[in-house]
Amino acid sequence: MHTNLGQKIKSARKAAGMTQRQLADKLHKSFSTIQKYENGVVEPPISIIPEIAAAIGITPLELMETAIAWPSELQ
C-alpha cells in the first residue's frame with residue numbers, strides 16, 4: 001500500500017508530537033496551507049519538501065519514500 005505525500009506529512013508530524021499550527025509556524029505558512037497539504041487538496045512544491053522534513057525531524061528521503069507510487073516493476 002502506498003501513502004500519498006499529504007498522509008506522510010501528517011503521519012510524520014504526529015509522530016514528532018507536533019500540531020498543524022506548530023508546523024505552519026515553523027514553515028512560515030498558514031495553518032490552512034498545512035491542512036491542504038495533509039488532506040491532499042494541494043501538493044506542496046518540491047522546493048519546500050526539505051523544509052517540511054527538517055521541521056518534523058526527518059530527512060527529505062524519509063518523507064518522500066512512501067509517498068511515491070512506484071511502478072510495480074520497480075517494487
Side-chain angles (χ1 to χ4, degrees):
M1 180 176 151
H2 295 288
T3 307
N4 73 33
L5 182 55
Q7 291 171 329
K8 181 66 178 187
I9 292 169
K10 182 177 185 176
S11 174
R13 174 186 57 75
K14 285 185 170 190
M18 186 180 289
T19 66
Q20 287 179 328
R21 173 90 47 217
Q22 289 168 325
L23 181 57
D25 290 346
K26 277 191 164 191
L27 297 173
H28 307 288
K29 300 284 182 193
S30 70
F31 172 76
S32 66
T33 296
I34 301 305
Q35 283 183 316
K36 288 176 185 175
Y37 290 167
E38 290 187 0
N39 292 328
V41 175
V42 174
E43 286 288 323
I46 195 73
S47 60
I48 197 173
I49 297 300
E51 294 175 46
I52 294 171
I56 55 182
I58 62 174
T59 67
L61 182 57
E62 288 172 309
L63 184 59
M64 296 297 295
E65 68 187 348
T66 59
I68 299 170
W70 295 100
S72 59
E73 63 272 10
L74 296 177
Q75 296 182 17

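FYI, side chains are in, hydrogens and waters are out, and symmetry mates aren't considered; it's all heavy atoms of this structure.
For the residue pair P60 and A53, the shortest heavy atom distance occurs at N-CB, 3.5 Å. Counting all heavy atoms, side chain and backbone alike, L63 lies closest to K8 at O-CG, 3.1 Å. Closest of all the heavy-atom pairs between I46 and P50 is O-CD, 3.6 Å. The nearest pair of heavy atoms linking N4 to Q7 is OD1-N, 2.7 Å.
Under the 4.5 Å side-chain contact rule for hydrophobic residues, F31 and V42 do not share a cluster.
Rounding to the nearest 0.5 Å places CD1 of I34 at 5.0 Å from CG of L27. Separation of atoms CG (L23) and CD (E51) is listed at 10.5 Å; rounding is to 0.5 Å. Between the CD1 atom in I48 and the OH atom in Y37 there is a gap of 4.0 Å [rounded to 0.5 Å]. We find the CD1-CD1 distance between I9 and I49 to be 5.5 Å, quoted to the nearest 0.5 Å.
Applying the salt bridge (Lys or Arg N to Asp or Glu O under 4.0 Å) test to residues at least two apart or on different chains, the pairs with a partner in residues 38-49 are R13-E38. Listed by first and then second residue, the salt bridge (Lys or Arg N to Asp or Glu O under 4.0 Å) pairs involving residues 16-26 amount to none (not counting sequence neighbours).
Although no hydrogens or angles enter the test, the distance criterion places no donor-acceptor pair under 3.5 Å between the side chain of N39 and the main chain of V41.
Taking S11 as the reference, nothing meets the side-chain hydrogen bond (donor to acceptor under 3.5 Å, both in side chains) condition, with sequence neighbours excluded.
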